[in-house]
Amino acid sequence: MKALKMDTITHPAYLLLDQHVFLLDKQSTIGSDKSCRVQINVAGVEPRHVRIECRNNKFYIKDLRSKSGVLVNDCKIIEAELRDGDFIILGKLSLIFSYKPIRIDKKKTLSSKNKIWQSQLTNLKSIAESNFPIVLIGESGTGKDVIARQIHEESVRNCENFVSINCSALSPQLIESELFGHLKGSFTGAENDRKGAFMAANKGTLFLDEIGDLPLSLQPKLLRALENNEIKPVGSDICKKTDVRIITATHKPLHQLVRKGLFRQDLYYRLNVLQLNPPSLKNRLEDFDDLFYIFAKKYRIGFDFNAINELKKYDWPGNIRELKNFIIKASVIYKGQSVNVEKVQRLFKDLPLESKSILSPNKNNFLKGKSILKKNELELICEALIKHHGNQRKAAISLGMPTSTLNDRIKKNKIDIKKIKNHLINT
């Protein structure tokens with residue numbers, strides 16, 4: 001589902017769907033097709049089901065010849081004026097129309113039993129209610145995306161879009177288009193106009209993950225967009241005004257990148273107004289049980305007491321994300337069973353489809369001195385690096401992870417890339 005940006009309307013109107021609020025534009029098509037202003041992928045909603053439009057500061061709903069029809073307050077309509085509190089049914093989907101601003105109170109908020117992290121989380125509400133840029137600095141997998149979304153939900157912008165862009169997952173040639181959009185024909189492959197992340201997040205929140213991987217050549221354009229509140233799409237000479245709240249995240253120490261000349265100092269100070277530092281999982285083990293039971297309940301898998309204690313002995317270099325993936329893996333392999341210590345050790349040690357090592361004996365030279373629990377992950381990383389001749393970007397793609405995450409794992413586990421390349425030359 002995607003929320004809407006607001007155009008100039010004297011009396012704005014809203015649609016409420018469960019815990020989602022959509023701000024209506026002058027003309028809003030609702031359906032499952034990507035071209036719709038309000039895109040809702042729910043059974044019974046047709047590609048272009050209905051249109052709501054504003055005429056003389058009143059909103060009207062019109063059935064776009066849908067097969068299942070449109071009901072307003074249980075009456076089938078072709079076209080009708082909407083009034084505050086009207087109940088709309090599209091197929092099996094129920095919506096509420098309102099002229100009053102709707103803010104959904106979020107009962108759940110982020111908390112921690114770790115005193116240091118909780119001292120930062122106590123400021124989350126006031127941080128969310130401000131409009132200043134925020135930078136989240138922490139290891140990969142510590143939940144920076146979850147924190148960013150929570151900030152958006154607790155802000156006054158929660159009726160608008162939350163747009164997330166991973167700067168490390170895009171090629172340098174595509175990042176500018178992803179951020180600022182492009183015009184049709186502005187470069188090879190640009191077959192249609194694209195509005196980009198800034199316009200998609202207009203009046204909402206734009207989350208730039210792994211900002212430390214943003215190419216240096218693009219940083220001045222981002223700085224200009226933030227300072228002037230305007231962007232220039234690729235291939236256009238016209239600037240467009242924007243209104244976005246910026247949240248950035250990185251696992252890299254930005255101040256060190258500034259010192260090395262890899263990140264602009266002026267952009268650093270523009271982004272680093274407010275800061276949160278989510279700790280690694282091993283540094284907030286007070287929260288392990290809560291996080292573990294959330295995932296175990298979600299994926300319907302049980303672990304006995306000794307198995308849980310065994311899990312607590314692990315360093316979890318991939319942090320909360322790795323814990324979540326581990327529990328998903330357990331739920332698939334041991335569906336309907338209780339997981340004991342032996343099964344935990346097997347999950348760490350064995351590959352999902354085969355129990356033997358995927359590396360030949362000479363490749364295992366790169367894993368000497370590593371614990372059994374880490375060996376499975378390291379085998380996969382080394383296999384990918386060897387396969388792609390030490391090319392970290394290609395290896396990351398084959399592993400299905402961002403390049404920055406792979407770099408982090410290589411450094412953390414002290415994998416010698418030169419040794420891998422030399423091994424390939426000598427074999």
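For the pair R83 and F97, the NZ or CZ position fails the cation-pi test of under 6.0 Å to the six-membered ring centre and within 45 degrees of the ring normal.
Under a 4.0 Å N-O distance rule, the pair R245/E154 does not qualify as a salt bridge.
Checking each of V135, L136, I247 against L276 for a side-chain contact (heavy atoms from CB on, under 4.5 Å) leaves exactly one that passes, namely L136.
Here F305 and F303 keep their ring centres 6.0 angstrom or further from each other. Y14 and F22 have their aromatic ring centers separated by at least 6.0 angstrom.
Under the side-chain hydrogen bond (donor to acceptor under 3.5 Å, both in side chains) criterion, D289 pairs with K312, not counting sequence neighbours.
Side-chain atoms of N158 come within 3.5 Å of backbone atoms of E153 as a donor-acceptor pair (strictly under, hydrogens ignored). In this structure, the side chain of D266 does not engage the main chain of L223 through any donor-acceptor pair within 3.5 Å. Judged by distance alone, with hydrogens and angles left aside, the side-chain atoms of N161 form a donor-acceptor pair with the main-chain N or O of A200 at under 3.5 Å. Between the side chain of D243 and the main chain of N202, no donor-acceptor pair closer than 3.5 Å is present. A donor-acceptor contact shorter than 3.5 Å links the side chain of E46 to the backbone of S68. Side-chain atoms of D304 come within 3.5 Å of backbone N or O of N306 as a donor-acceptor pair. Under the 3.5 Å distance criterion, the side-chain polar atoms of R409 are left unmatched by any main-chain donor or acceptor of I381.
Using a 30° and 60° split on the angle between ring planes, W316 and F326 fall in the perpendicular class, above 60°. Below 30°, between 30° and 60°, or above 60°: for F288 and F292 the angle between ring planes is below 30°, a parallel geometry.
Sorted by first and then second residue, the side chain to side chain donor-acceptor pair (under 3.5 Å) pairs with a member in residues 215-239 read E176-K221; sequence neighbours excluded.
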